[in-house]
Amino acid sequence: MDINHIQGKKIAFAASGGLDSCTITHWLSRKGVEVVCFTADLGQPDEANFDEIKERMLKSGASEFVAVDLKNEMAEMGLAVVQANAKYEGNYWNLTGAARQVIMKGLLPKIKEHGITIFSHGATGRGNDQVRFQIIGAMLDPTLEFYAAWRDQEFLNEFKGRKEMLAYCDSHNIPIKASADKPYSTDANLLGLTHEGGLLEHLETRMKFVEPGIGQWPEHAESIPEQFSITFNNGRPTHVNGQKMSLVDIFEYFNLNGGRHGIGIAENLVENRFVGVKSRGVYESPAMVILSYTYQQLLQQILDRRAVQFYQNTGTYLGGQLYQGYWLDLGSRMARKAVEELTSLVSGDVIFEAYRGNLSYISSKNVKHGLYTNEGSMEAEGQFDHKDSEGLLNILTISARTASLSGQIE
């Protein structure tokens, strides 16, 4: 779909209030498109005042601005990712992939209330978000149409990238936060921050020039270790240091207090985008890292080896699904249902220490469904009889001897 198909029509634009949002909204309004901006409050730590986003979008030509509070939904999504250990390619916490799920599910009802059938976004044609927005949107509403300025040749003829957009906004007196001085862009939500683009795209550039938004680089973090405790009940964190807290508050607490200890800042993370190219960025996710670390400490005590293998495979699968935008499809729902079998078993207290980018386990207690007992003790405890292993090893070595005698072992 290009500009010719939406001129004279009303569209819903998912606006972050950033450079792309302001530029695209202004450009579309000049082309005769009525742009209604919808912005999700995802607990962005870099946006303290949503009235400023409203002001920027209205001055950019939006006919209306609609803000939707989705902080609770963002926290629940983050917890689901932690429970499933749904990281992408081993070390990325799916910060933006999780946010796009929350945005689409939260904004679509409001868009329908306005009678709008065309959804627009500022995602680049090189990135993942265009895929996520449109796959999720099509799943939730198969009648929804999509317009993306970064895939419209008329827009591309005028804007090659960030430099042209900055000049455009300056020439039209559009109030933006971005500047030519900042050598990268940032996407933020309650789960963390993603820094990409600009100088970060050059592999020869060390990434320490990035200024963390919710924490510190480990070498600049607090010089004194600090202990914390988390209580999980049926898979949900409910108490921090003995104090009951809401899920949103827990995320905010550990983003702040984990961040100042340099926890959860991942540098030089190169990933494979859905569209087939690679990207590089710096990711900050202190609360996600801390919640996952403590959750995994309990799982180590609860799961047997067969369940561990299934859980790890499921987490890898769901991490890829979420990254690509398929969190709602049949395969993901099946996998998430399997994870739900486990979450009700995860209860207990974990005490740990944070120090300059590292987390250290101290102790745990009240692990209701733990399998850790004195049967595995090296001392004379429990019912395990060492002599019983004689028969076990006699059986196990039969196949080993046979493989050797048959010439299969070199």
**Asked** Atom CZ in F119, atom CZ in F13: separation rounded to 0.5 Å?
**Response**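 Answer rounded to 0.5 Å: 8.5 Å.
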
**Request:** Decide if the gap between the ring center of F38 and the ring center of H114 is smaller than 6.0 angstrom.
**Result:**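 Yes: the rings meet the under 6.0 Å criterion.
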
**Asked** So, for Y168 and H26, is the gap between ring centers shorter than 6.0 Å?
**Response**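 Ring-ring flag for Y168/H26: true, centres closer than 6.0 Å.
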
**Request:** Answer yes if the side chains of H5 and E145 hold a donor-acceptor pair under 3.5 Å, and no otherwise.
**Result:**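 No, no side-chain donor-acceptor contact under 3.5 Å.
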
**Prompt:** Taking everything shown except K105 itself, do over 12 heavy atoms lie less than 6.0 Å from its NZ?
**Reply:**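 Result for NZ/K105: open.
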
State which residues pass salt bridge (charged side-chain N to carboxylate O under 4.0 Å, His left out) with [X]; sequence neighbours excluded, sorted by chain then number.
{"X": "E340", "value": "K337"}
{"X": "K110", "value": "none"}
{"X": "D129", "value": "R100, R132"}

**Message:** Name the residue from L256, I265, N255, N257 that meets the side-chain contact (heavy atoms from CB on, under 4.5 Å) definition with P286.
**Reply:**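 So, applying the side-chain contact (heavy atoms from CB on, under 4.5 Å) to P286 and each of L256, I265, N255, N257, only N255 qualifies.
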
Could you list all the side-chain hydrogen bond (donor to acceptor under 3.5 Å, both in side chains) pairs where at least one residue sits in [range], not counting sequence neighbours?
{"range": "residues 33-44", "value": "E34-S63, D41-K71"}
{"range": "residues 198-210", "value": "K208-E219"}
{"range": "residues 285-297", "value": "Q296-Y311"}

**Request:** Evaluate the criterion ring-ring contact (aromatic ring centres under 6.0 Å, His included) for residue pair F155 and W150; output intermediate values, then yes/no.
**Result:** CA-CA 7 Å; F155 181 83; W150 281 112; 5.1 Å; yes

**Heavy-atom check, side chain of L322 versus side chain of V81, under 4.5 Å** =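 Yes; the side chains approach each other to less than 4.5 Å.
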
**Request:** Answer yes or no: is there a donor N or O on one side and an acceptor on the other, between the side chain of T23 and the main chain of L19, under 3.5 Å?
**Result:**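 Flag set: sc T23 to bb L19 pair under 3.5 Å.
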
